[in-house]
Amino acid sequence: MSRNVAYAAGEDLQILSFEVGTQTYCVPVGAVREIRGVTPATPLPDAPPYVRGVINLRGQVMPVIDLSERLGKGVAADSARQVIIVVEHHDDVAGLLVDAVCDSFIVSADSISPPPPLGEDITSTLVSAVITTEATMIVLLAVDAILPERKIQLAA
């Protein structure tokens, strides 16, 4: 399994599934702080194209990531069903703009597979695993890889 799936091998995993375009993705519930309505973001200069800007969440300024753009699917079209899923990884917190939240459920360990190889020297750092259900396959995203990179400042 990838580096950020927060469970022990052989154990079930609770996930939150959501839609981005026509695709269903998920993240571990343990990485989700809350789900909230869309708030207009304040753009920041020099931000990566997938960062819509920042919002104030009860005194904490956090980036809002257009997950469609981050996954290479183009800028998300605004809609009434969109929500922001607030996720955290260690000390980093960000909002993921998604088209709709689907469900929260537990998947058994035998339904979770590592992502398949995509070719020589090609790996997707954004994909943590693939979950197979009776009806479909869901991509488990690597929360740590989705968040904007934080440049480490070296002491002079």
Side-chain angles (χ1 to χ4, degrees), residues 1-41 48 50-58 60-119 122-150:
M1 277 303 122
S2 180
R3 64 201 172 282
N4 78 324
V5 177
Y7 74 101
E11 291 187 11
D12 298 345
L13 177 66
Q14 186 171 8
I15 61 168
L16 175 70
S17 64
F18 48 87
E19 294 175 357
V20 176
T22 59
Q23 178 76 36
T24 302
Y25 297 93
C26 65
V27 292
V29 166
V32 177
R33 182 187 279 185
E34 67 181 86
I35 300 168
R36 57 173 289 132
V38 175
T39 304
Y50 58 85
V51 176
R52 285 245 175 139
V54 293
I55 61 173
N56 184 340
L57 180 66
R58 291 182 294 284
Q60 181 178 14
V61 176
M62 69 173 195
V64 175
I65 297 168
D66 181 335
L67 197 53
S68 179
E69 176 78 7
R70 181 71 174 109
L71 297 173
K73 297 176 169 281
V75 176
D78 293 336
S79 77
R81 291 186 60 202
Q82 283 182 319
V83 295
I84 295 174
I85 300 172
V86 179
V87 295
E88 57 186 338
H89 179 75
H90 297 298
D91 293 333
D92 294 327
V93 177
L96 305 179
L97 179 66
V98 302
D99 292 327
V101 170
C102 299
D103 199 4
S104 174
F105 56 95
I106 297 174
V107 293
S108 63
D110 59 353
S111 298
I112 304 170
S113 303
L118 302 174
I122 300 174
T123 57
S124 176
T125 58
L126 300 178
V127 177
S128 184
V130 177
I131 297 170
T132 306
T133 67
E134 290 180 17
T136 188
M137 289 197 294
I138 304 171
V139 175
L140 179 65
L141 296 174
V143 173
D144 61 334
I146 291 171
L147 300 180
E149 291 184 30
R150 181 182 296 215

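In this chain, numbering begins with 1 at the start of the sequence shown.
Considering all non-hydrogen atoms of both residues, P40 and I55 come closest at O-CG2, 3.7 Å. The two residues G74 and S68 have their closest heavy-atom pair at O-OG, 2.7 Å. The minimum heavy-atom distance between A76 and D66, with the atom names listed, is N-OD2, 3.0 Å. S128 and P115 make their closest contact through O-CD, 3.3 Å (heavy atoms, listed as atom of the first residue, atom of the second, distance). Residue S104 comes nearest to Q14 through the heavy atom pair OG-NE2, 3.3 Å, listed as atom of the first residue, atom of the second, then distance. The two atoms that bring A109 and D12 nearest to each other are N-OD1, 3.2 Å, heavy atoms only.
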Could you go through the side-chain contact (heavy atoms from CB on, under 4.5 Å) check for L67 and L97 one step at a time?
CA-CA 6 Å; L67 197 53; L97 179 66; 5.8 Å; no

Between Q82 and V98, is the side-chain contact (heavy atoms from CB on, under 4.5 Å) condition met? List the steps.
CA-CA 6 Å; Q82 283 182 319; V98 302; over 6 Å; no

For the pair L57 and V86, evaluate side-chain contact (heavy atoms from CB on, under 4.5 Å) and give the outcome as yes or no after the intermediate values.
CA-CA 9 Å; L57 180 66; V86 179; 4.0 Å; yes

Could you walk me through whether M62 and D92 pass the side-chain contact (heavy atoms from CB on, under 4.5 Å) check?
CA-CA 9 Å; M62 69 173 195; D92 294 327; over 6 Å; no

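A 4.5 Å side-chain heavy-atom check between T133 and I138 finds at least one atom pair inside the cut-off. Residues I15 and L140 have side chains in contact (heavy-atom distance under 4.5 Å, counting atoms from C-beta outward). Side-chain contact between L13 and I106: absent, with no pair of heavy atoms (C-beta onward) separated by less than 4.5 Å. Residues V107 and I112 form a side-chain contact, since some pair of their non-hydrogen atoms from C-beta on lies under 4.5 Å apart.
A donor atom on one side chain and an acceptor atom on the other are found under 3.5 Å apart for S108 and S111.
In this structure, L147 CG and H89 NE2 are separated by 7.5 Å, a value rounded to the nearest 0.5 Å. Rounding to the nearest 0.5 Å places CG of L16 at 5.0 Å from CD1 of I85.
Looking at E69, its side chain never comes within 3.5 Å of a backbone N or O of Y50 through a donor-acceptor pair.
When each of L96, L141, D144 is tested with V87 by the rule side chain to side chain contact (heavy atoms under 4.5 Å, CB included), just one qualifies, namely L96.
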Give every donor-acceptor pair under 3.5 Å between a side-chain atom in residues 19-32 and any protein atom, sequence neighbours left out.
none

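Within the structure, every pair that satisfies the salt bridge (Lys or Arg N to Asp or Glu O under 4.0 Å) test and touches residues 23-41, not counting sequence neighbours, is listed here: R33-E88, E34-R58.
Residues passing the salt bridge (charged side-chain N to carboxylate O under 4.0 Å, His left out) test with D110: none are found, sequence neighbours excluded.
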